[in-house]
J.: 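Pasting in a structure now, in structure tokens, and then I'll have a few things to ask.
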Protein chains: 2
Amino acid sequence: MENNILSKIIALDKTIHEPVRIAILTLLMVVEKADFIYLKSNLQITQGNLSSHLCKLETAGYVEIEKTFKGKRPLTLIKVTEEGEKNFKDYLLTIKSFIKQSGI
Amino acid sequence: MENNILSKIIALDKTIHEPVRIAILTLLMVVEKADFIYLKSNLQITQGNLSSHLCKLETAGYVEIEKTFKGKRPLTLIKVTEEGEKNFKDYLLTIKSFIKQSGI
DNA sequence: TAAATTAAGTTTGTATTGCAAACTAAAATT
DNA sequence: AATTTTAGTTTGCAATACAAACTTAATTTA
């Protein structure tokens, strides 16, 4: 038992453990779907940066990306998958128990 | 106010926000000094990996590295600096308030 | 109606990483 | 004398995060 929390920290899911992706997943947990522009304006990052992070999350199977149109303009909708949700919650629980043990 | 926590997450200190370095700093917070071997065996990572993370922390001014001898063998002692301690605590507080808001 | 601007993304380029494997140097053991 | 162990550092490389450049199409302006 004992300092097992440090091995859990070291084994943290790298797909999630990236600030921008933590923020993306946090937003996606509270809405059923979000569009690209909504995420971009909430996160205040460049479109290219958002695009590549979404690709990473999609490749990992953590989000689903649906390309549609609003009128004649492209509209990209993003939602978290069950797997993404589960792994994100696990991630949060590990962080939480780490914080608890840190005594902060 | 409101979703300001996400901008804090995105602005998280990259020198700290790396699992191995979080673990190193966590260990360094509870001892005055640690030696290389102590860190290596507690973290269960390769020496090369530990060496490079310590360099990164040293370059950032977050740890001080003192090379001495135990008998005739090299002994490397590592301690966290005041700046390292302050920034690590700030990091933990940000994570803590994020976890709190996440409702987990 | 031609030119410029805006919208909504994707692709490209690059400098930085994290890590394992290889290496160094000296001490201890066989 | 040769091998192994200890205590690290350096090297090599694949993966990454981000900004800048690009694409495509719609809209606005002159």
Side-chain angles (χ1 to χ4, degrees), chain A residues 6-25 27-28 33-79 91, chain B residues 6-28 33-60 62-79 91:
Chain A
L6 290 187
S7 57
K8 282 188 178 175
I9 289 295
I10 290 176
L12 239 29
D13 186 334
K14 295 277 191 176
T15 299
I16 293 173
H17 189 74
E18 159 61 33
V20 172
R21 291 198 291 270
I22 295 174
I24 291 172
L25 290 171
L27 289 174
L28 291 179
K33 282 179 187 188
D35 63 65
F36 192 92
I37 297 303
Y38 171 81
L39 291 179
K40 175 177 152 7
S41 60
N42 271 277
L43 300 173
Q44 310 208 78
I45 59 177
T46 63
Q47 294 166 325
N49 195 7
L50 177 55
S51 178
S52 59
H53 284 300
L54 289 177
C55 278
K56 189 131 308 188
L57 288 169
E58 185 186 30
T59 299
Y62 290 4
V63 304
E64 259 167 36
I65 298 182
E66 183 192 354
K67 274 150 207 305
T68 64
F69 285 88
K70 182 165 77 179
K72 299 176 173 183
R73 290 265 172 67
L75 177 70
T76 297
L77 296 172
I78 300 104
K79 61 177 290 210
Y91 175 88
Chain B
L6 291 188
S7 57
K8 281 188 180 177
I9 288 293
I10 290 176
L12 238 28
D13 186 333
K14 294 276 191 177
T15 299
I16 293 173
H17 189 73
E18 158 61 33
V20 172
R21 291 197 291 269
I22 294 173
I24 290 172
L25 289 171
T26 299
L27 289 175
L28 291 180
K33 282 179 186 187
D35 64 65
F36 192 93
I37 297 304
Y38 171 81
L39 292 178
K40 175 178 152 6
S41 60
N42 271 276
L43 301 173
Q44 309 207 79
I45 59 177
T46 62
Q47 295 166 324
N49 195 7
L50 177 54
S51 178
S52 59
H53 284 300
L54 288 177
C55 278
K56 189 132 308 188
L57 289 169
E58 186 186 28
T59 298
Y62 290 5
V63 304
E64 258 168 34
I65 299 182
E66 183 190 353
K67 275 151 205 306
T68 63
F69 285 88
K70 182 166 76 180
K72 298 175 175 185
R73 290 265 170 69
L75 177 70
T76 297
L77 296 173
I78 301 104
K79 61 176 290 207
Y91 175 88

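All chains are named by letter (A, B, ...) in the order of the sequence lines, taking the proteins before the strands, and each is independently numbered beginning at 1.
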J.: How about B:D13 and B:H17: does a side-chain donor come under 3.5 Å of a side-chain acceptor?
T.: no
J.: Would you mind telling me which residue lines up with the more 5' stretch of DNA chain D, A:K14 or A:G48, judged by nearest nucleotide?
T.: A:K14
J.: Just how far, in rounded Å, is C1' of C:dA27 from NZ of B:K70?
T.: 14 Å
J.: At 4.0 Å (heavy atoms only), tell me whether A:K67 reaches a base, stays on the sugar-phosphate, or touches nothing.
T.: sugar-phosphate
J.: Output the rounded distance in Å from NZ (B:K72) to C1' (D:dG8).
T.: 19 Å
J.: Between C:dA20, C:dG18, D:dA7, spot the one nearest the side chain of B:T46, thanks.
T.: C:dA20
J.: Remember a base hit wins even if backbone is also touched, and classify A:L50 as base, sugar-phosphate or nothing at under 4.0 Å, heavy atoms.
T.: nothing
J.: In whole angstroms, how far is the P atom of D:dT6 from the CZ atom of B:R73?
T.: 7 Å
J.: Could you tell me the separation between the CD atom of B:E18 and the C1' atom of D:dT16, rounded to a whole number of Å?
T.: 12 Å
J.: Compare the minimum distances between each of C:dT10, D:dT16, D:dA7 and the side chain of A:S51, then state the nucleotide with the smallest one.
T.: C:dT10
J.: Calculate the interatomic distance between A:H17 atom NE2 and C:dT17 atom P; express it in whole Å.
T.: 14 Å
J.: In plain terms, say whether A:E66 and A:K79 are close enough for a salt bridge, that is, a side-chain N and a carboxylate O under 4.0 Å apart.
T.: no
J.: Please determine, for the side chain of A:Q47, which listed nucleotide (D:dA17, C:dT10, D:dG8) has the closest atom?
T.: C:dT10
J.: Taking any heavy-atom pair under 4.0 Å as a contact, classify B:I45: base, sugar-phosphate, or nothing.
T.: nothing
J.: If only atom types and distance count, is the side chain of B:S51 paired as donor or acceptor with the main-chain N or O of B:Q47 below 3.5 Å?
T.: no
J.: Would you mind classifying the nucleic acid contact of B:K56 as base, sugar-phosphate or nothing, using non-hydrogen atoms under 4.0 angstrom?
T.: sugar-phosphate
J.: Select one nucleotide: of D:dC18, C:dG9, C:dG18, the one nearest the side-chain heavy atoms of A:I37.
T.: C:dG9
J.: Rounded to whole angstrom units, what separation is found between the CZ atom of B:F36 and the P atom of D:dG8?
T.: 6 Å
J.: Looking at B:K14 and A:E18, is any side-chain nitrogen of the basic one under 4.0 Å from a carboxylate oxygen of the acidic one?
T.: yes
